[in-house]
Asker: 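Right, I'll just put the structure down here and ask away after.
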Amino acid sequence: MGKKLSLMALSLIFFFSLCFTLCFAGNVSYDSRSLIINGERKLLISAAIHYPRSVPADGNCAWLHWISNVDSRLLSASWVLIVHFVNVNGDILQMWPELVKTAKEGGVDVIETYVFWNVHQPTSPSEYHFDGRFDLVKFIEIVQGAGMYLILRIGPFVAAEWNFGGIPVWLHYVNGTVFRTDNYNFKVENEYGFYEGAYGEGGKRYAAWAAQMAVSQNTGVPWIMCQQFDAPPSVINTCNSFYCDQFKPIFPDKPKIWTENWPGWFQTFGAPNPHRPAEDVAFSVARFFQKGGSVQNYYMYHGGTNFGRTAGGPFITTSYDYEAPIDEYGDYTFSPSNCLPRLPKWGHLKELHKAIKLCEHVILNSKPVNLSLGPSHEADIYADASGGCVAFLANMDDKNDKTVEFRNVSYKLPAWSISILPDCKNVVYNTAKVTSQTALVEMVPDNLQQEGGSKAIKWEVFVEKAGIWGEPDFMKNSFVDHINTTKDTTDYLWYTTRNDKVFSGDGLGCFISLQFFVPQQVVPFDLSLDIVVGENEEFLKEGRHPVLLIESMGHALHAFVNQELQGSASGNGTHSPFTFKNPISLKAGKNEIALLSMTVGLQNAGSFYEWVGAGLTSVKIKGFNNGTVDLSHFNWIYKIGLQGEKLGIYKPEGVNSVSWVATSEPPKKQPLTWYKAVLDPPAGNEPVGLDMLHMGKGLAWLNGEEIGRYWPRKSSAPGKCVTECDYRGKFMPDKCLTGCGQPTQRWYHVPRSWFKPSGNLLVIFEEKGGDPEKITFARRKTSSICSLIAEDYPSADQKSSQEAGSKNSNTKASVHLECPQNGVISAVKFASFGTPTGKCGSYSVGECHDPNSISVIEKACLNKTECAVELTEENFNRGLCPDFTRKLAVEAVCS
């Protein structure tokens, strides 16, 4: 054990100490109100962006140069490290810099990321990978160059819907290792509070040790324990939730910190898509700062992509979009400012951040006074010694709007909303009134182009054999655990039966050949893989089909008989085990059965999660004359992975390891098929997705880069989806679902940086059958921009605006439109001042409408990159429908 432990410890020492060697922190401390950086209290807005879930700038960091500078401290993974950089470097127009830039433009002060141990040491403690999208140092340097703070959650247990929670699978097989408890080999943690009880006294000792170990490193920055309900006084315990306004630190000298505010939710294959409205996210953030919060982190601000096989769960989708303020395709192009912020969410939160920052000094240097304004209505007022005053007016009623009286002035509060008054008089922001424009984003099809511009794609095909390819790996007369066998080197494990029995009407028959059993050893000789069916079976005479019954711990299965696919089955994101029950075609004589078991990401969290297994537990065939035959304890031959995987035929250097068959008409609905084509990149410079709607399930690569698992599995939640989300009331992941009956994920992000000018190798492995001729690229484009503003909305000019309707207001609510990528407004599709209805993309004129609306907008906006139109008498007929709060709705097209 000692030797194995020393190897593991060396890897951890290098991995965690490096961050402290490279990072120069400002003077960071704290008091009960906030973090204090260089002697100044700070109110901080943080944004989670995970470096492996996007792609970096060009160039790699010379990691070997730093190894000699690493000190020998073993650091914990329980924690968050807060770092401030002092140097500023130039921008590089690639994805990481653009993501950081867009976050900063959105009013963010801090970038937060986990450190993902299993991408840096995936297969052994003696290897290190810090290149490409795993270049942690380059990511940190980009944050540094932007002049921002960094929260480094050093893991390496991260959960994060990431494969095996960020822990390399090999650690599970170090003798004596038990995860997440007082175990000599395992001393790392994150978000432990909910699971500590399952480990008894060992869990308590472990949490206390982790805190002591971290603080003893004397890093000069605070340590944070997320979701730790018994954190010791040497660290700061924090909150992770959709709402943290009622959270209080354990100890009174600690600031109130929100480490995970979930602006959306993750997706699982086969489930509908969850949505969290921008109004509710803003409500939760405003409420947190209203109630004394000091640091708030969006998890996620850019979710990105689970490239390759990095998704956990199991069943987490390849997309990790999370409905975050910057969408999954926050891709760079070869021109600046081309990240795709999700509008209106990004813009609405940007305006919120501006409003909160106007209040920063006052709320950090005074104590609030709470004032009741009604049963579900209240004000929190902050007043400092210099005469500054800030008020938050809250309506917690989730159904009814309310007009409240505050300091002899009436304020209208929509249901489930908060108004921010940075001078205790004028409303600059209300969480329910979205002044930011909305963008309609579409995936524009772009047919695959053969290298050289030919539209006729020349596919080449290689078909895997169902069952054993090459030599078997081992044979055993029982089922083995899938994960323990593959150790996650592949998703795939073949189970094939070694049963030379005659199944006939006279009974189960007799052995017709010797039984060989060589446990867990390579079998060096050819073996029959056949089940022999007697001619007297009634199902053969009557044209019926016996039924194959399979029980599995998860995650998915394809069943083959005589090289033909008989059916598939799988679990789902809430329940991995499943039952396969399907008629199969057996013939008289020999029959070959091969079962392909698959994982779809490993468990990423929970108590004792490393022991959660997968794979077959029972196989039976029902329908023989003498009843059901149980094959579970017969001899099974195993083969790990696919032949194409083993040979690396998805890589440019391995593609010629097999004999591909060129064809002008690639096979459709054919399982176990590899397809490859050489392509030109899609036109333009917009972010790119691969449309896999007409394929079944499998893996995809471009130029050897792992696009990831694809599975256009349709969601099965009839009646649970909605056409429009109601932001009012507390959010939960199943509150606002869309996409019922539709594929959970149709498009798969392919970063532009992965394309060459020509000669791009696209390789697809299709498990169960699809139509490769219908595969296309799609370019992610903004098709329309919209804005809907009412007269009583706060002005976007937060420093001088006043509540619309107050007697001394000199500013008016305005529609603001701006085209992305320096485009111009080429058409106005809709404009109506009055009582328009609908939403972006489907506005319609209401009972009250100013017929000059379109001409006013066209005059102000056509052929401009951006424009603003005030709701004034000079622009619109304010005499219309005086008994209504009038609105202006606009939809425009950018080109």
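As the structure is a computational prediction, the values presented were derived from the model and not from experiment. Computed from heavy atoms alone, side chains included, the values below leave out hydrogens, waters and symmetry copies.
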Asker: Could you list the residues that satisfy side chain to side chain donor-acceptor pair (under 3.5 Å) with Lys256, not counting sequence neighbours?
Answerer: none
Asker: Would you please classify the geometry between the Tyr322 ring and the Tyr299 ring as parallel, tilted or perpendicular, with 30° and 60° separating the classes?
Answerer: perpendicular
Asker: Donor-acceptor check, side chain of Trp265 to backbone of Pro274, threshold 3.5 angstrom: yes or no?
Answerer: no
Asker: Does His302 use its side chain to pair, donor to acceptor, with the backbone of Asp327 at less than 3.5 Å?
Answerer: yes
Asker: Tell me whether the centres of the aromatic rings in Phe164 and Phe179 are closer together than 6.0 Å.
Answerer: yes
Asker: Please identify each residue that fulfils side chain to side chain donor-acceptor pair (under 3.5 Å) with Asn370, with sequence neighbours left out.
Answerer: Glu378, Asp380
Asker: Does Lys104 use its side chain to pair, donor to acceptor, with the backbone of Ala146 at less than 3.5 Å?
Answerer: yes
Asker: Is a side-chain donor-acceptor pair under 3.5 Å present for Thr431 with Glu279?
Answerer: no
Asker: Would a distance-only check, ignoring hydrogens and angles, find a side-chain to backbone donor-acceptor pair under 3.5 Å from Asp384 to Val362?
Answerer: no
Asker: Report yes or no: does Lys357 contribute a side-chain atom to a donor-acceptor pair with the main-chain N or O of Leu43 at less than 3.5 Å?
Answerer: yes
Asker: I'd like to check the side chain to side chain donor-acceptor pair (under 3.5 Å) partners of Glu323; sequence neighbours left out, ordered by chain and number.
Answerer: His275, Lys345
Asker: Tell me the disulfide bond (SG atoms under 2.5 Å apart) pairs involving residues 388-424, sequence neighbours left out?
Answerer: Cys389-Cys424
Asker: Run the numbers on Asn430 and Ser419 for side-chain hydrogen bond (donor to acceptor under 3.5 Å, both in side chains), then give the verdict.
Answerer: CA-CA 4 Å; Asn430 179 273; Ser419 285; 2.8 Å; yes
Asker: Would a distance-only check, ignoring hydrogens and angles, find a side-chain to backbone donor-acceptor pair under 3.5 Å from Arg33 to Gly292?
Answerer: yes
Asker: Shortest non-hydrogen contact from Pro414 to Tyr727?
Answerer: CB-OH, 3.9 Å
Asker: Output every pair passing ring-ring contact (aromatic ring centres under 6.0 Å, His included) with a member in residues 358-405, not counting sequence neighbours, ordered by first then second residue.
Answerer: none
Asker: Identify, with sequence neighbours excluded, every residue that meets side-chain contact (heavy atoms from CB on, under 4.5 Å) alongside Pro344.
Answerer: Val434, Ser436, Thr438
Asker: Does Lys402 have any salt bridge (charged side-chain N to carboxylate O under 4.0 Å, His left out) partners at least two apart in sequence or in another chain, and if so, which?
Answerer: none
Asker: With under 30° as parallel and over 60° as perpendicular, where do the rings of His120 and Phe134 fit, or are they tilted in between?
Answerer: perpendicular
Asker: Taking only Lys NZ, Arg NE, NH1 and NH2, and the carboxylate oxygens of Asp or Glu, determine whether Asp792 and Lys433 approach each other closer than 4.0 Å.
Answerer: yes
Asker: Any chance NZ of Lys204 has more than 12 other-residue heavy atoms, nucleotides or ligands included, within less than 6.0 Å?
Answerer: no
Asker: Is any NZ, NE, NH1 or NH2 atom of the basic residue among Glu351 and Lys354 found under 4.0 Å from an Asp or Glu carboxylate oxygen of the other?
Answerer: yes
Asker: Could you tell me which residues satisfy salt bridge (charged side-chain N to carboxylate O under 4.0 Å, His left out) with Arg342, sequence neighbours excluded, listed by chain and number?
Answerer: Asp321
Asker: Mind listing the closest non-hydrogen atom pair of Gln228 and Ala207 along with its distance?
Answerer: NE2-CB, 3.7 Å
Asker: Heavy atoms only: give me the nearest Ile250-Ala231 pair and the separation to one decimal.
Answerer: CD1-N, 3.5 Å
Asker: Would you say the ring centers of Tyr793 and Tyr429 fall short of 6.0 Å from each other?
Answerer: no
Asker: Under the ring pair (Phe, Tyr, Trp, His ring centres under 6.0 Å) criterion, do Phe731 and Trp416 qualify, and how do the steps go?
Answerer: CA-CA 11 Å; Phe731 177 81; Trp416 199 252; over 10 Å; no
Asker: How far apart are the closest heavy atoms of Tyr199 and Thr181, and which atoms are they?
Answerer: CD2-CB, 3.4 Å
Asker: Would you mind listing every side-chain hydrogen bond (donor to acceptor under 3.5 Å, both in side chains) that reaches into residues 233-242, with sequence neighbours excluded?
Answerer: Glu191-Asn240, Thr238-Thr259, Asn240-Thr259
Asker: Give the minimum heavy-atom separation between Val285 and Tyr298, together with the two atoms involved.
Answerer: CG2-OH, 3.6 Å
Asker: Minimum heavy-atom separation for Tyr320 and Met300, please, with both atom names.
Answerer: CE2-CG, 3.7 Å
Asker: Quick one: do Asp245 and Arg287 make a salt bridge, cutoff under 4.0 Å?
Answerer: yes
Asker: Assess the pair Phe116 and Trp162: is the distance between their ring centroids shorter than 6.0 Å?
Answerer: yes
Asker: Taking the basic N atoms (NZ, or NE/NH1/NH2) and the acidic carboxylate oxygens, is any pair closer than 4.0 Å for Asp398 and Lys730?
Answerer: no
Asker: Using the salt bridge (charged side-chain N to carboxylate O under 4.0 Å, His left out) criterion, which residues pair with Asp726? Sequence neighbours excluded.
Answerer: Arg728
Asker: For Cys359, check disulfide (SG to SG under 2.5 Å) against everything at least two apart and list the hits.
Answerer: none
Asker: Would Asn297 and Ser46 count as a side-chain hydrogen bond (donor to acceptor under 3.5 Å, both in side chains) here? Give the steps.
Answerer: CA-CA 4 Å; Asn297 177 61; Ser46 176; 2.6 Å; yes
Asker: Could you check whether Glu260 and Trp262, counting side-chain N and O atoms only, form a donor-acceptor pair closer than 3.5 Å?
Answerer: yes
Asker: Could you work out, with side chain to side chain donor-acceptor pair (under 3.5 Å) as the rule, every residue matching Tyr243, not counting sequence neighbours?
Answerer: Asp280
